[in-house]
Amino acid sequence: MNKQNILVTGGAGFIGSEVIRQLVNDPSKHVVNFDKLTYAGNLENLKSVEHQENYSFVKGDICDEELLKKVFSEHNIAKVIHLAAESHVDRSILEPLLFVKTNLIGTANLLNVAKTHWNGDFENKLFYHISTDEVYGSLDFGTDLFSETTPYDPRSPYSASKAGSDHLVRSYYHTFGLPVVISNCSNNYGPFQFPEKLIPLCINNILNNKPLPIYGKGENIRDWLYVGDHANAIITILENGEKGETYNIGGDNEWSNLELVKILCRTIDEKLDRNVGESEKLITFVKDRAGHDLRYAIDANKIKNDLGWSPQYQFEEGIKLTVDWYLDQAEWLENITSGSYKTYYQKQYG
Ligand code: NAD
Ligand code: TYD
């Protein structure tokens, strides 16, 4: 059987590894995971699939043109799912140029290698760029939603670098006819997320009786989607998305940061038979993030109506699965947190 060869960049990260775990279930596909293994990339995330015959790994940087050209040729790549990125807003405040390099220049390099390799033969080819709702900026409290036609208004170096990469992808569609598709998703949570992002950071700190740093008043709102639902949306768009189109992906699931952290505290108190309210005592209000976006919320009707996707995990179920996973994965957490890794807050304020 002639397999379809798919290059997944950033496949050793949180979302990329879930996409790969789902993709390799289809024996008609061969998945090449291309990842630099930065602090956020962890091959332990792929232990369950690493021996599968339709999976390969290449360690590399998306800024490395020669290596990418070699991989496209050797594996005869037909489709790209581009997830590799620097993904944490706090780090983008500390190191903005790294975000420009990876997210903007890396994406430009990957686009150019795909265009050169396919050389005008675009039949059954696809460049699928994974992006974020943060490109649309910040909403006020209320009921407004980001839709696919909301003007871009990125406000952090992270979201600006992702916005720039989205523009580059669209420019290759309009200028060179490269078959592209883009999706912009809200905040993900679930197993294998690096414990610098709010949910795994708080789970880890609750388990270790450490302070739970809440930026500002904890009133900022995010829409949360279970990572398995995002990966499923990505595969739906890979198979059926319209070339040149953008799809917003979200969970219709808005929580303020304070509400969310309290849910985590209650869930873990219950699991560990702690006294009710014990973990909430760890909540600590700290200096706000610079340029902290107030609210993100998504209108996901296009992907629901056009492609028939909808989230399968209720929030309560997703949070329980996530907490259970982190409770079971003491070793995974230990391997990560024992490294030189420090949170943004620790770096800034000691
Ligand atoms: P992550 O930080 O967990 O993983 C990023 C992966 O990219 C890591 O494996 C890392 O090693 C790799 N990488 C980084 N720089 C690279 C380079 N120069 N070359 C090759 N590989 C490199 O990120 P994630 O949360 O899984 O996010 C994946 C993608 O989804 C990103 O593009 C992000 O912008 C987007 N996204 C994330 C969320 C979210 O809530 N996490 C929401 C919407 C969109
Ligand atoms: P994060 O997980 O970093 O995702 P993003 O900034 O991409 O939305 O943060 C989610 C929200 O939680 C955001 O409003 C910032 C806030 N936050 C805290 O209050 N404390 C923390 O320690 C972290 C990491 C985030």
Side-chain angles (χ1 to χ4, degrees), residues 8-20 33-43 45-46 58-64 67-68 81-93 98-99 101-103 105-107 109-110 129-135 138 156 158-159 161-162 165-166 183-190 192-202 205 211-225 227 230-231 233-234 248-250 255-258 260-261 283-289 291-296 298 343-346:
V8 177
T9 69
F14 165 51
I15 300 171
S17 64
E18 176 64 23
V19 168
I20 291 179
N33 175 12
F34 186 92
D35 197 297
K36 185 179 177 183
L37 300 183
T38 66
Y39 79 95
N42 185 352
L43 289 179
N45 300 356
L46 293 150
V58 178
K59 183 173 186 306
D61 188 329
I62 52 168
C63 296
D64 184 340
L67 180 59
L68 275 177
I81 308 178
H82 176 36
L83 295 116
E86 288 294 337
S87 68
H88 190 38
V89 174
D90 289 335
R91 285 181 189 255
S92 81
I93 298 168
L98 174 62
F99 283 66
K101 191 169 174 215
T102 295
N103 299 357
I105 298 179
T107 301
N109 191 44
L110 186 62
H129 178 59
I130 307 301
S131 192
T132 166
D133 61 351
E134 302 188 25
V135 298
S138 180
S156 72
Y158 165 66
S159 54
S161 66
K162 292 295 292 188
S165 64
D166 293 8
S183 57
N184 297 78
C185 187
S186 60
N187 287 55
N188 285 210
Y189 70 98
F192 299 101
Q193 188 169 28
F194 193 86
E196 64 182 351
K197 306 269 168 68
L198 182 67
I199 289 185
L201 174 84
C202 287
N205 287 11
L212 308 175
I214 307 278
Y215 299 166
K217 295 186 196 142
E219 61 186 359
N220 304 63
I221 291 176
R222 298 290 181 264
D223 171 61
W224 293 93
L225 180 70
V227 65
H230 186 194
I234 289 173
N248 280 356
I249 307 170
W255 298 94
S256 77
N257 294 336
L258 187 57
L260 175 58
V261 171
I283 290 176
T284 309
F285 292 94
V286 298
K287 192 170 183 300
D288 209 352
R289 170 188 280 171
H292 196 173
D293 288 341
L294 190 61
R295 175 172 165 259
Y296 306 141
I298 286 271
T343 68
Y344 164 78
Y345 190 73
Q346 285 170 318

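Basis for what follows: all heavy atoms, side chains included, without hydrogens, waters or symmetry-related copies. Just follow the structure's listing: the first ligand is 1, and inside any ligand the first atom is 1.
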Practice problem: Report yes if some N/O of F34 lies less than 3.5 Å from some N/O of ligand 1; otherwise report no. | Solution: no
Quiz item: How does L201 reach ligand 2, by side chain, by backbone, by both or by neither, if only non-hydrogen atoms under 4.0 Å count?
Solution: side chain
Exercise. Cation-pi check, R222 to Y189: give yes when NZ or CZ is under 6.0 Å from the six-membered ring centre and within 45° of the ring axis, no otherwise.
Key: no
Quiz item: Which residue owns the protein heavy atom closest to atom 41 (N) of ligand 1, what's the atom, and how far is it?
Solution: I15 CD1, 3.7 Å
Practice problem: Please confirm whether D90 comes within less than 3.5 Å of ligand 2 when only nitrogen or oxygen atoms on both sides are compared. | Solution: no
Exercise. With heavy atoms of P213 as the reference, note each atom of ligand 2 found under 4.0 Å away.
Key: 18 (C), 19 (O), 20 (N), 21 (C), 22 (O)
Quiz prompt | Contact (N/O only, under 3.5 Å) between Y215 and ligand 2 | solution = yes
Practice problem: Please confirm whether I214 comes within less than 3.5 Å of ligand 2 when only nitrogen or oxygen atoms on both sides are compared. | Solution: no
Quiz item: ligand 2 versus N187, non-hydrogen atoms closer than 4.0 Å: side chain, backbone, both, neither?
Solution: side chain
Quiz item: Can you tell which part of E196 has a heavy atom less than 4.0 Å from ligand 2: side chain, backbone, both or neither?
Solution: backbone
Quiz item: For ligand 2, is any non-hydrogen atom under 4.0 Å from L198's backbone (N, CA, C, O), its side chain (CB onward), both, or neither?
Solution: both
Practice problem: Examine R222 against ligand 2 and note whether any of their N/O atoms are separated by less than 3.5 Å. | Solution: yes
Quiz item: Quick check: does W224 get an N/O under 3.5 Å from an N/O on ligand 2?
Solution: no
Quiz item: For ligand 1, which atoms sit closer than 4.0 Å to a heavy atom of I130?
Solution: 30 (O), 32 (O)
Quiz item: Are any of the N or O atoms of R289 closer than 3.5 Å to those of ligand 2?
Solution: yes
Quiz item: Is there a side-chain contact between I214 and V261, using heavy atoms and a 4.5 Å cut-off?
Solution: yes
Practice problem: Sequence neighbours left out, what passes side chain to side chain contact (heavy atoms under 4.5 Å, CB included) with S159? Give chain and number order. | Solution: E134, P154, S156
Exercise. Using the test side chain to side chain contact (heavy atoms under 4.5 Å, CB included), find all partners of N205 that sit at least two apart in sequence or belong to another chain.
Key: L201, K210, L212, P213
